[in-house]
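Lettering of chains follows the sequences in order, A, B, ..., and the numbering in each one begins at 1. Owing to the predicted nature of the structure, the values given are computational and were not obtained by experimental measurement.
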Amino acid sequence: MVYPLQLFGKEMESMKKNLLATTPGIIVVGAAIGLIAVWLQKLGNPANMGICVACFERDMAGGLGLHRAAIVQYLRPEIMGLVLGSLFAALVTREFKPRGGSAPLVRFVLGMIAAMGALVFLGCPWRAILRLAGGDGNAILGIAGLATGIWVGTLFFKKGYSLGRSNSQSVVSGALFPAIIICLLLLYLLFPQIPGEPKSGPLFYSLTGPGSQHAPFIASLGLAFIIGIIAQRSRFCTMGAFRDLFLFRYAHLFLGLAAMFAAASIANIALGDFKIGFEGQPVAHSNFLWNYLGMVTAGLAFALAGGCPGRQLFMAGEGDSDAGIFALGLLVGAAMAHNLGTASSGAGIGAYGIQATVIGFLVCLLIGFVHSKKA
Amino acid sequence: MHTIDTRGLSCPQPLVLLHQAIAENTSDPMDVLVDNQASLENVTRAAEKKGWNVAVRDEGEGVFRLELRR
């Protein structure tokens, strides 16, 4: 059947049903994410880390014992909430669609590189925004790096970069990533944190450091679930925000990102948590060059994979197993970043952070060139 | 009739293909095949911004044909 869209002016009919996909809609969603993130910080999450997909995947890797950095081990319910919220929204709106098969191993490696680059800076794009909203000047370098990396990615897209088409897959294939998430949720519930104990059953729990700072379980899961729903509906993406601006001069997604920053900034100022400066910022270091370059590498990896870490989780919740593979790459990359000494800390960059950043960038360039067909 | 098949392609490739097609063709009717709602919204938003009228035809099995007309 044909929908007479002209009857509805410039907005098409399906967008009438999906108000969050309009530009005012994504601004509301971005602002809501910014406010929820600051709220989670008030409820116990680390400073300027209300939600950080890279940091929280790193904490999950630690909680599972994939790395043994004692200060960053906690099975973050936020990650579960983001995926399950998206799954819920996709099922309700019949957008759940099992798909995949577009260069999965390349996506896994891009996920690993993205995690390692982000952990040189100490944050995914979401946390870069939250750090800036908390007054952390180092985030300017991170966001500049992110924009640079994404800009390099747009050069490949202009040359016809593609990892190939995905195909429809079985329900099992599409449901597997959400199922893994549900298993992690069950593990968390079966083996909850025992006060003062570093282990509960097979799970690791930090006693000090960022991994020990967390909001109550229900708040973490519930608030992230809400974000998962509204982000799935609006297609909120921090990488796409810059990419669409560079590639098409479209500000749609960027306005969502700007709203997230504005809302988090205002909330921080109102709560007296806005502390401007470069030194002594929470879970941050002030090595300008590697704050910048770490995020150049991560930004390029996000661009080549087609989404920021958050967006990848939402797409995985919709049944996109390629996005699920990327998210698992993030998890493994975050674990490797600590096992191999490439992750930064408040004291500065890791022993091998420079090598990881440079090698990761070169691998991304190789992936970009090989998958760009047209001249 | 020029048809752009974006099925199975992820962001931003449907829009890249749309922009290339619009750059070469400013008036002839064009169809764009999409297989997910995000692409449907993105292509429609972009085409309308460039002055095209867009009609959506449900082809079944999750595929939509976007009819771009001047």
Side-chain angles (χ1 to χ4, degrees), chain A residues 1-6 9-15 17-18 21-23 90 93-95 97 99-102 153-154 157-168 232-235 237 239-240 243-244 246-250 252-253 303 305-307 311 314-315 318-320 322-323 374, chain B:
Chain A
M1 74 193 270
V2 174
Y3 303 107
L5 294 168
Q6 296 88 330
K10 291 306 265 183
E11 294 284 7
M12 44 172 293
E13 173 169 293
S14 69
M15 271 194 229
K17 285 184 250 163
N18 187 5
T22 62
T23 298
T93 58
R94 296 172 176 234
E95 282 189 23
K97 188 179 175 196
R99 57 191 187 272
S102 166
T154 64
F157 280 108
K158 284 179 183 170
K159 290 191 176 297
Y161 169 84
S162 175
L163 287 179
R165 291 176 198 262
S166 63
N167 301 301
S168 290
Q232 192 279 336
R233 298 314 300 143
S234 64
R235 335 295 181 195
C237 178
M239 184 283 295
R243 179 199 63 204
D244 288 358
F246 297 147
L247 204 49
F248 309 120
R249 307 271 174 251
Y250 290 165
H252 175 77
L253 288 173
R311 178 77 184 136
F314 307 135
M315 291 195 293
E318 294 172 2
D320 184 339
D322 289 329
K374 284 167 274 181
Chain B
M1 171 71 72
H2 185 45
T3 299
I4 307 167
D5 184 0
T6 73
R7 288 176 295 174
L9 295 177
S10 56
C11 291
Q13 294 165 65
L15 280 195
V16 171
L17 295 176
L18 175 77
H19 277 253
Q20 285 169 351
I22 287 178
E24 293 165 12
N25 164 27
T26 52
S27 58
D28 295 343
M30 265 190 306
D31 285 2
V32 183
L33 291 176
V34 299
D35 66 352
N36 65 79
Q37 285 294 321
S39 293
L40 187 156
E41 291 161 7
N42 290 338
V43 170
T44 304
R45 193 186 296 115
E48 287 182 344
K49 204 169 177 174
K50 298 279 179 188
W52 295 77
N53 292 314
V54 181
V56 182
R57 189 183 288 275
D58 190 341
E59 302 261 284
E61 299 193 4
V63 177
F64 295 89
R65 179 178 292 271
L66 307 182
E67 298 175 342
L68 276 57
R69 304 289 181 266
R70 274 289 187 182

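The backbone N or O of A/Ala21 lies less than 3.5 Å from a partner atom in the side chain of B/Arg45, making a donor-acceptor pair. Of the possible donor and acceptor atoms, one in the side chain of A/Arg165 sits under 3.5 Å from a partner among the backbone N and O of B/Arg7.
Among B/Asn42, B/Leu18, B/Val16, the single residue meeting the side-chain contact (heavy atoms from CB on, under 4.5 Å) criterion with A/Phe248 is B/Val16.
In this structure, the side chains of A/Arg243 and B/Leu15 stay at 4.5 Å or more apart for every pair of heavy atoms. For the pair B/Asp35/A/Arg99, no side-chain contact is recorded, criterion being any heavy-atom separation below 4.5 Å from C-beta on. Looking only at side-chain heavy atoms (C-beta outward), B/Lys49 and A/Tyr250 come within less than 4.5 Å of each other.
The residue among B/Thr6, B/Asp5, B/Asn36 with the most heavy atom pairs within less than 4.5 Å of chain A is B/Asp5. For chain A, the option among B/Ala46, B/Pro12, B/Ala38 with the highest count of heavy-atom pairs below 4.5 Å is B/Pro12.
Residue A/Ser162 touches chain B through both its backbone and its side chain, counting heavy-atom pairs closer than 4.5 Å.
Between A/Lys158 atom NZ and B/His19 atom NE2 the span is 11.5 Å, to the nearest 0.5 Å. To the nearest 0.5 Å, atoms SG (B/Cys11) and CZ (A/Arg235) are separated by 9.5 Å.
Of the N and O atoms on the side chains of A/Asn18 and B/Gln37, not one donor lies less than 3.5 Å from an acceptor on the other residue.
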